[in-house]
Amino acid sequence: MSLSPHHDGSALYVPEQEPALGQTVPVFVRVPEGTDVRQVHVRTTGDGEPRFVEATVDRRDGHDVWWRADVEVRNPVSNYRFMLTGATGYRWLNAAGQIDHDVPDHGDFRLVSHAPPPAWARDALIYQIFPDRFARSAAADGRTPPDWAVPCDWDTPVVGYGPQAPRQFYGGDLDGITERLDHLDRLGVNTVYLTPIFPARSNHRYDAAGFDTVDPLLGGDAALVRLADAVRARGWRLIGDITSNHTGDAHEWFTRALADADAPERELYYFDVPTGGGEPTYESWNGVRSLPKLNWGSAELRRRFATDPDSLLRRWLRPPYGLDGWRVDVANMTGRRGTDAYTNEVARLLREVVAQTRADGLLLAEHGHDHTGDLDRDGWHGTMNYVGFTDPVWSWLRAEPGDDAGGHAPLPNFLGTPGGVRRRDAYAVLATMNSFRSLVSWRSYVHSWQLLGSHDSARIRTVVGDAARQEVAAGLLVTLPGTPVIFAGDEWGLTGGNGEGSRTPMPWHRPQQRDAGTFDAYRALLALRRGTPELRHGGLRWVYADADTLVFLREATTGTVLVLARRAAGPPVRLTGLPATGSGPAGENLHGGAPALRPAADGGVTLPGDGPTFQVWRL
């Protein structure tokens, strides 16, 4: 293993993390001694025109030479890349890595001068709760189930498919969540994310019947106030979920629009009158008639949803509720329909309104596929990184036929992709992660949510099949850049083969269904994340991969940690040329229980070959 020239957007390489438009900022590239690099230039494309600036040697540090150049933040998003010249010619270094041929600019590094995401988001450890399935307070027993519901007690098996799936009603409520916050405290999270809490005609509540009140089945507005107060009392954050792409067909906006073609609400949706007359039709999410699509070409929709002083986007961010931000459902489809292309305009509008209402509010977008074209535009602060994290981790760690927990049923698919999760080696996993990471700024990457599953996917335990590989997955979740998100119940090893099937009631009264070892692993990993600044704010440098192994460094001014993830046992890994910086005992194992790293005479270290395993050391 030999380290290569490296740069990323972290503070170690870009000390000014919040540059202003027009500012000139230094950028650094780290070149290992002995590398064929005699000269370094930085190429920028300010105002669309390439320019080259020659870098100079700033310092020599151990085995590395640090080159520096100054880059002007000429545009709101300013691209740059490095040209490394040696005896054999030049090669590029961009966000995708070293390249020996010319490539388009879309893979360049980026400096972003738009207002940054809230500072607290970088240290967030998020716990996702599906309210109907988390916990019931005593008051829930006195509520009458709605007419759409199939009432269930807490032990009723979840139906994962068919028309009954969205109608199963378990009666979890917000006071039930408040009563269980000690569990979240023991786990070690600091942010609660709730899926929708507005009235609806389903258990998932993404078919909102209104945005003005909290669903009485969840305890109403007063219950949200009690939960928000309890969360704030612990110094935590609370995030809501809003549907910007559609409402439910029971929403008063839609019922008025459907009843009267001249109603002002008509323009909020897409209605089409078929040629030759007949009943009008309307656009809906993926053809699901209960989810009529909102038309963001409507100024009235923008007023009601966002800009009005008491809009739904604003009112829940204010006291007494004080949500700390929104996760935006189906952000990828919001404002897109045929020739209509309002998505980035809407994202910018929503972010502006959130910032006006509370300066530290978060706006996070759902994308289930390629999100790269929708970030870095003064809109969404980040995305749910399904394609750049969840899918590759699943494909690397998925269960094999014959595994104890995963070999007796068809493997789940990834968010509806036909067929089961395809098994890939670490080279493909690394290529996938880098492909998506390299097309957004470092800032958008680290503020995106990394998750192993959610209410819309299979559970990680079902995908990987056993506790050992789940710990490897959870280890990657907390040690790679990005914001870790845990779906309630994963910390106990709960299972589920698809989105509906994963919405499992928490087994508070069934300890036999709770994997205490998995809980302890999650708790230890979250404590590691909280206590290790390199994992929260450091850069990322991949140093080794084979089919079953991934090794990377997280580096910051405070020091360096080395991470080893293995899905199976194999030969020990020999590494040389590693940095030796930072505080604390050199080579100390921080997680996993392996021996401390002891450098050999040549400075190299050997990583153990057992597996599956997840290990972290301080260098």
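Thr504 has its side chain within reach of Arg459: a pair of non-hydrogen atoms, C-beta onward, lies under 4.5 Å apart. Residues Pro505 and Arg133 form a side-chain contact, since some pair of their non-hydrogen atoms from C-beta on lies under 4.5 Å apart. Contact check for Leu174 versus Leu194: side-chain heavy atoms found under the 4.5 Å cut-off.
Under the 4.0 Å criterion applied to side-chain N and carboxylate O atoms, Arg536 and Asp123 are assigned as salt-bridge partners. Under a 4.0 Å N-O distance rule, the pair Arg510/Asp155 qualifies as a salt bridge. Remark: Arg232 engages Asp229 in a salt bridge, criterion side-chain N to carboxylate O under 4.0 Å. Salt-bridge annotation for Asp141 and Arg143: absent, with no side-chain N of the basic residue lying under 4.0 Å from a carboxylate O of the acidic one. Taking a cutoff of 4.0 Å between a charged side-chain nitrogen and a carboxylate oxygen, Asp175 and Arg226 qualify as a salt bridge. Between Glu265 and Arg304 there is a salt bridge, since at least one side-chain N of the basic residue sits less than 4.0 Å from a carboxylate O of the acidic one. A salt bridge does not link Asp376 to Arg443: none of the charged nitrogens lies less than 4.0 Å from a carboxylate oxygen. Salt bridge annotation for Arg337-Asp340: absent, with no cationic side-chain nitrogen under 4.0 angstrom from a carboxylate oxygen. With respect to Arg566 and Asp548, no salt bridge is recorded, no charged nitrogen being found less than 4.0 Å from a carboxylate O.
Looking at every heavy atom in both residues, Gly453 comes nearest to Phe487 through O-CB, 3.7 Å. Considering all non-hydrogen atoms of both residues, Arg314 and Ala306 come closest at NE-O, 3.3 Å. Taking all atoms of both residues into account, the shortest heavy-atom contact from Ser454 to Ser502 is O-OG, 3.3 Å. Asn385 and Leu451 get closest at one heavy-atom pair: N-CD2, 4.0 Å. Residues Trp120 and Asp324 approach most closely at CZ2-O, 3.6 Å, considering heavy atoms. The heavy-atom pair separating Gly419 from Asn413 by the smallest distance is O-CB, 2.9 Å.
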Handout entry: Pair Val192-Ile129, side chain to side chain contact (heavy atoms under 4.5 Å, CB included): steps then yes or no
Key = CA-CA 7 Å; Val192 179; Ile129 293 177; 3.9 Å; yes

Practice task
Report the C-alpha distance between Val189 and Leu526 in whole Å, list the side-chain angles of each, state the deciding distance to 0.1 Å, and finish with yes or no for side chain to side chain contact (heavy atoms under 4.5 Å, CB included).
Solution key: CA-CA 7 Å; Val189 299; Leu526 289 171; 4.0 Å; yes

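Between His183 and Trp492, the ring planes are tilted. Angles from 30° to 60° get that label. Below 30°, between 30° and 60°, or above 60°: for Phe198 and Phe211 the angle between ring planes is above 60°, a perpendicular geometry. Using the six-membered ring where Trp is involved, His367 and His369 have ring planes that are tilted, between 30° and 60° apart. Under the 30°/60° scheme for interplanar angles, the aromatic rings of Tyr321 and Trp316 are found to be tilted.
The distance between the ring centers of Phe134 and Trp508 falls below 6.0 angstrom. In summary, the aromatic rings of Phe305 and Trp296 are positioned with their centroids under 6.0 Å apart. With ring centers used as reference points, Tyr206 lies 6.0 Å or more from Trp285.
A donor-acceptor distance shorter than 3.5 angstrom exists from the side chain of Asn203 to the backbone of Ala165, with no hydrogens or angles considered. Side chain of Thr372 to backbone of Val440: no donor-acceptor contact under 3.5 angstrom is found. Side-chain atoms of Glu179 do not come within 3.5 Å of backbone N or O of Ile177 as any donor-acceptor pair. At least one donor-acceptor pair under 3.5 Å links the side chain of Gln470 to the backbone N or O of Asp490. Proximity of a side-chain donor or acceptor of Trp380 to a complementary backbone N or O of Arg351 within less than 3.5 Å is not detected. With Gln164 contributing its side chain and Val159 its backbone, the two residues share no donor-acceptor pair below 3.5 Å. Asn344 places no side-chain N or O within 3.5 Å of a backbone atom of Ala347 that could act as its donor or acceptor partner. Not a single donor-acceptor pair under 3.5 Å links the side chain of Glu283 to the backbone N or O of Lys293.
Tyr170 does not carry Arg503 over the face of its six-membered ring by the limits of under 6.0 Å from the centre and within 45° of the normal. With Tyr282 as the aromatic partner, Arg289 meets the cation-pi criteria of under 6.0 angstrom to the ring centre and within 45 degrees of the ring axis.
Atoms CH2 and OG1, on Trp449 and Thr383 in that order, are 10.0 Å from each other to the nearest 0.5 Å.
Side-chain contact check for Thr432 and Arg424: no donor-acceptor pair (N or O, by modelled atom type) lies under 3.5 Å. Side-chain contact check for Asp207 and Ser290: no donor-acceptor pair (N or O, by modelled atom type) lies under 3.5 Å.
With respect to Ile197, the side-chain contact (heavy atoms from CB on, under 4.5 Å) criterion is satisfied by exactly one of Val214, Thr213, Asp173: Val214.
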